[in-house]
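Computation of the quantities below employed the complete heavy-atom set of this structure, encompassing side-chain atoms and omitting hydrogens, waters and symmetry-equivalent molecules.
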Amino acid sequence: MAKTAVVNNAFFNTTSGDITVDEWGMISHGACLLTGYHDVTELNRDRQVTAPFYGCDITVGQGAWLATNVIVLGPCAIGEHAVVAAGTLVRHDVAPYMIVAGAQARIIGEIPH
């Protein structure tokens with residue numbers, strides 16, 4: 001994590017990859033960044049223990065902001081200066097300078113640059 005990044009009361013699950021927060025990145029209260037997942041086709045104990053060991057990295061680009069209660073599921077990259085609105089579920093990459101919102105992240109605006 002970059003020295004200038006700000007992380008407030010967030011949860012980082014690094015079971016299946018790394019999480020990187022670049023310079024001036026901001027992660028607000030209650031955000032969850034999850035690199036792991038479980039195989040839903042497995043049952044009982046096998047479902048609990050079948051998670052990949054790598055390949056689900058999450059990157060938060062320079063100056064990007066993840067607002068309160070955001071959930072990011074890796075693998076995923078949040079582009080530089082992008083904004084992820086409060087309560088958004090991110091399952092795919094977010095392009096630089098985009099503003100996304102919703103239970104399935106959708107573009108709602110763009111940051112002038």
Side-chain angles (χ1 to χ4, degrees):
M1 180 162 11
K3 289 182 181 181
T4 59
V6 174
V7 176
N8 293 298
N9 190 31
F11 177 78
F12 286 18
N13 174 319
T14 56
T15 299
S16 302
D18 295 324
I19 298 173
T20 304
V21 183
D22 290 342
E23 297 287 332
W24 308 109
M26 297 189 304
I27 301 178
S28 297
H29 297 278
C32 294
L33 286 73
L34 309 172
T35 65
Y37 62 88
H38 297 275
D39 185 345
V40 298
T41 65
E42 297 292 342
L43 303 175
N44 302 320
R45 184 178 186 283
D46 290 335
R47 182 179 290 165
Q48 292 177 335
V49 298
T50 55
F53 293 110
Y54 59 90
C56 295
D57 298 342
I58 296 172
T59 302
V60 178
Q62 179 180 336
W65 174 24
L66 279 58
T68 300
N69 293 329
V70 164
I71 298 174
V72 179
L73 304 177
C76 188
I78 309 298
E80 64 182 23
H81 305 290
V83 174
V84 180
T88 296
L89 170 62
V90 179
R91 296 179 54 204
H92 303 286
D93 292 351
V94 175
Y97 299 94
M98 291 295 117
I99 303 169
V100 298
Q104 205 43 288
R106 289 180 298 282
I107 296 171
I108 63 167
E110 184 173 352
I111 307 295
H113 59 285

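Residue pairs meeting the side-chain hydrogen bond (donor to acceptor under 3.5 Å, both in side chains) criterion with at least one member in residues 46-64: none, sequence neighbours excluded.
The SG atom of C76 sits 12.5 Å away from atom CD1 of I71, with the distance rounded to the nearest 0.5 Å. Separating the CD1 atom in I19 from the CE atom in M1 is a distance of 9.0 Å, to the nearest 0.5 Å. Note that NE2 of H81 and CE of M98 are 13.0 Å apart. Values are rounded to the nearest 0.5 Å. The distance from atom CD1 of I78 to atom CG of D93, rounded to the nearest 0.5 Å, is 7.5 Å.
The two residues A64 and V60 have their closest heavy-atom pair at CB-CG1, 3.8 Å. Q104 and R91 make their closest contact through NE2-NH1, 3.1 Å (heavy atoms, listed as atom of the first residue, atom of the second, distance). Across every non-hydrogen atom of A101 and A85, the tightest pair is CB-CB, 3.7 Å. G102 and R106 get closest at one heavy-atom pair: CA-NH2, 4.4 Å.
Using modelled atom types, one side-chain atom of H113 and one backbone atom of I111 make a donor-acceptor pair closer than 3.5 Å.
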Counting only pairs under 3.5 Å, give me each side-chain donor-acceptor contact of residues 5-16, with atom names and distances, residues two or more places apart or in other chains.
| unit_1 | atom_1 | unit_2 | atom_2 | d |
| --- | --- | --- | --- | --- |
| N13 | OD1 | T15 | N | 2.8 |
| N13 | OD1 | T15 | OG1 | 2.8 |
| S16 | OG | P52 | O | 2.4 |

Mind listing the side-chain donor-acceptor pairs of residues 26-34 below 3.5 Å, one per line with the distance, residues two or more places apart or on another chain?
| unit_1 | atom_1 | unit_2 | atom_2 | d |
| --- | --- | --- | --- | --- |
| S28 | OG | W65 | NE1 | 3.1 |
| S28 | OG | L66 | O | 3.2 |

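The hydrophobic cluster containing V70 also contains I107, counting ILVMFWY residues as joined when their side-chain heavy atoms lie under 4.5 angstrom apart, directly or transitively. Hydrophobic clustering (ILVMFWY, side-chain heavy atoms < 4.5 Å, transitive): V21 and V83 are in distinct clusters.
Around the OH atom of Y97, the shell of radius 6.0 Å holds more than 12 heavy atoms that belong to other residues, nucleotides or ligands.
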Test L89 against L73 for side chain to side chain contact (heavy atoms under 4.5 Å, CB included), laying out the working first. CA-CA 8 Å; L89 170 62; L73 304 177; 4.0 Å; yes
